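One structure below.
Keep in mind it's a predicted model, so treat the numbers as computed, not measured. What you see below is based on every heavy atom in this structure, not just the backbone, and it leaves out hydrogens, waters and symmetry mates.
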Amino acid sequence: MSEIVLSLSGITKTYKTGEKAEIQVLRGADLTLAAGEVVALVAPSGAGKSTLLHIAGLLDVPDAGQVVLGGKNMAGKGDRRRTLARRRDVGFVYQFHHLLPEFTALENILLPQLANGTSRRAGAARAVELLTRVGLADRADHRPAELSGGEQQRVAFCRALANSPKILLADEPTGNLDPETSGKVFDVLTSLVRDTGLAALIATHNQELAARMDRILRLEGGVLV
């Protein structure tokens, strides 16, 4: 049985919209994610997908419930411990690539490694390795504006995987691409995930892409089914 790299149990989250008004987005969500598994997260807009991803990735704190990442219970941990765990174990990809425009593709992948204490030489070698795996070795010295939308998103995938995380969290990673490019980029993403053995939780509105993942979780009424 594959290692469980992420476990959420009894996750609740409520937002205040005024002095008295509240919206309960999550009402006891449970989730387990195993190494090498690609799971789709499907829900209507505003149902709490991004909130769930932010809690899973230690960017947000639930009102109640436990987040166990890499076998460690992160409940009650301070900001510093959460930041270190997130930097070490979690990679994020969003609908828009958020690459730094003044840096090349290689440099965008190198920067998070430098922040994590990796040497420049080792980080550059890792960046070249990842760019080669997604077919962009010849674009290493290009800045984001010189890349197509699909190429930009592939670089964003490489950046998310630069520090060899245990889990990849993606929020509509192909939502800004045309259908043909979306399918190609998704193939690259799933290939990277399976080759490296990490787990991936991918929020998407694209039912066709969701059907190609190992399983589909639907967020309904604040719980996962």
Side-chain angles (χ1 to χ4, degrees), residues 2 4-9 11-13 15 23-57 59-60 62 67 90-99 133-136 147-161 165-225:
S2 297
I4 300 299
V5 295
L6 175 68
S7 175
L8 306 181
S9 56
I11 300 296
T12 67
K13 187 68 176 181
Y15 292 103
I23 297 177
Q24 189 171 22
V25 179
L26 301 174
R27 304 170 181 268
D30 299 317
L31 162 71
T32 57
L33 199 60
E37 188 177 32
V38 183
V39 176
L41 175 61
V42 178
S45 295
K49 293 195 305 297
S50 295
T51 297
L52 185 71
L53 289 174
H54 287 170
I55 289 173
L59 287 170
D60 200 356
V67 179
V90 184
F92 289 95
V93 179
Y94 298 96
Q95 180 174 347
F96 299 98
H97 56 79
H98 297 302
L99 298 173
R133 292 175 75 166
V134 301
L136 291 178
L147 303 173
S148 69
E151 289 171 338
Q152 291 169 346
Q153 200 64 328
R154 278 186 275 167
V155 174
F157 292 159
C158 293
R159 180 182 58 186
L161 300 181
K166 289 184 172 67
I167 181 171
L168 177 71
L169 302 174
D171 197 352
E172 299 288 350
T174 62
N176 199 40
L177 305 174
D178 64 77
E180 182 179 356
T181 303
S182 176
K184 291 178 180 178
V185 169
F186 177 78
D187 288 341
V188 169
L189 173 60
T190 52
S191 176
L192 276 174
V193 169
R194 298 194 193 288
D195 287 350
T196 54
L198 81 164
L201 180 62
I202 303 174
T204 181
H205 282 103
N206 190 320
Q207 297 293 332
E208 181 181 344
L209 293 184
R212 292 164 59 185
M213 300 188 212
D214 296 322
R215 57 192 171 102
I216 298 174
L217 294 174
R218 300 185 187 278
L219 189 56
E220 298 178 359
V223 298
L224 288 165
V225 296

Given side chains that start at C-beta, do those of Leu224 and Leu8 come closer than 4.5 Å, heavy atoms only? no
Taking all atoms of both residues into account, what is the closest heavy-atom pair of Ala160 and Phe92, and its distance? CB-O, 3.4 Å
How far does CG of Leu169 sit from NE2 of His54, to the nearest 0.5 angstrom? 9.0 Å
To the nearest 0.5 angstrom, please state how far the CG atom of Leu99 sits from the CD atom of Gln152. 6.5 Å
If you define the side chain from C-beta out and look only at heavy atoms, does anything of Val67 sit under 4.5 Å from Leu6? yes
Sole residue of Leu26, Val225, Val25 in side chain to side chain contact (heavy atoms under 4.5 Å, CB included) with Leu219: Leu26
Ring-plane angle category for Tyr94 and His98, please: parallel below 30°, perpendicular beyond 60°, tilted otherwise. perpendicular
Check: Thr190 side chain, Phe186 main-chain N or O, donor-acceptor pair, under 3.5 Å: yes
Evaluate the side-chain contact (heavy atoms from CB on, under 4.5 Å) criterion for residues Leu41 and Leu31: first the C-alpha distance (whole Å), next the side-chain angles of each, then the deciding distance (0.1 Å), finally the verdict. CA-CA 11 Å; Leu41 175 61; Leu31 162 71; over 6 Å; no
What pairs with Ser9 under side chain to side chain donor-acceptor pair (under 3.5 Å), at least two apart in sequence or on another chain? none
Do you know the tightest heavy-atom contact between Pro165 and Gly91? CB-N, 3.7 Å
Should we count CD of Glu208 as having more than 12 external heavy atoms under 6.0 Å? no
Reported CG-to-CG distance for the pair Leu198 and Leu168, which is rounded to 0.5 angstrom: 6.0 Å
Where do Gln153 and Val93 land on the side-chain contact (heavy atoms from CB on, under 4.5 Å) test, with the steps shown first? CA-CA 8 Å; Gln153 200 64 328; Val93 179; 4.0 Å; yes
What salt bridge (Lys or Arg N to Asp or Glu O under 4.0 Å) pairs are there with at least one residue in residues 28-49, not counting sequence neighbours? Glu37-Arg215
Here the gap from Glu172 atom CD to Ser50 atom OG, rounded to the nearest 0.5 Å, amounts to 8.0 Å
Would you indicate whether Ile216, at its atom CD1, is surrounded by more than 12 heavy atoms from other residues, nucleotides or ligands within a distance under 6.0 Å? yes
Assess whether side-chain contact (heavy atoms from CB on, under 4.5 Å) is satisfied between Thr204 and Met213, documenting all intermediate values. CA-CA 11 Å; Thr204 181; Met213 300 188 212; 4.1 Å; yes
Derivation and outcome, side-chain contact (heavy atoms from CB on, under 4.5 Å), residues Arg212 and Asn206: CA-CA 10 Å; Arg212 292 164 59 185; Asn206 190 320; over 6 Å; no
Heavy-atom nearest pair, Ala199 first then Val5, reads CB-CG2, 3.4 Å
Asp214 and Gly36 have their tightest heavy-atom pair at OD2-O, 4.0 Å
Give the minimum heavy-atom separation between Thr12 and Gly28, together with the two atoms involved. CG2-N, 3.6 Å
Gap between atom SG of Cys158 and atom CZ of Arg133 - 0.5 Å precision: 9.0 Å
Nearest heavy-atom contact between Gly197 and Ala35 is O-CB, 3.4 Å
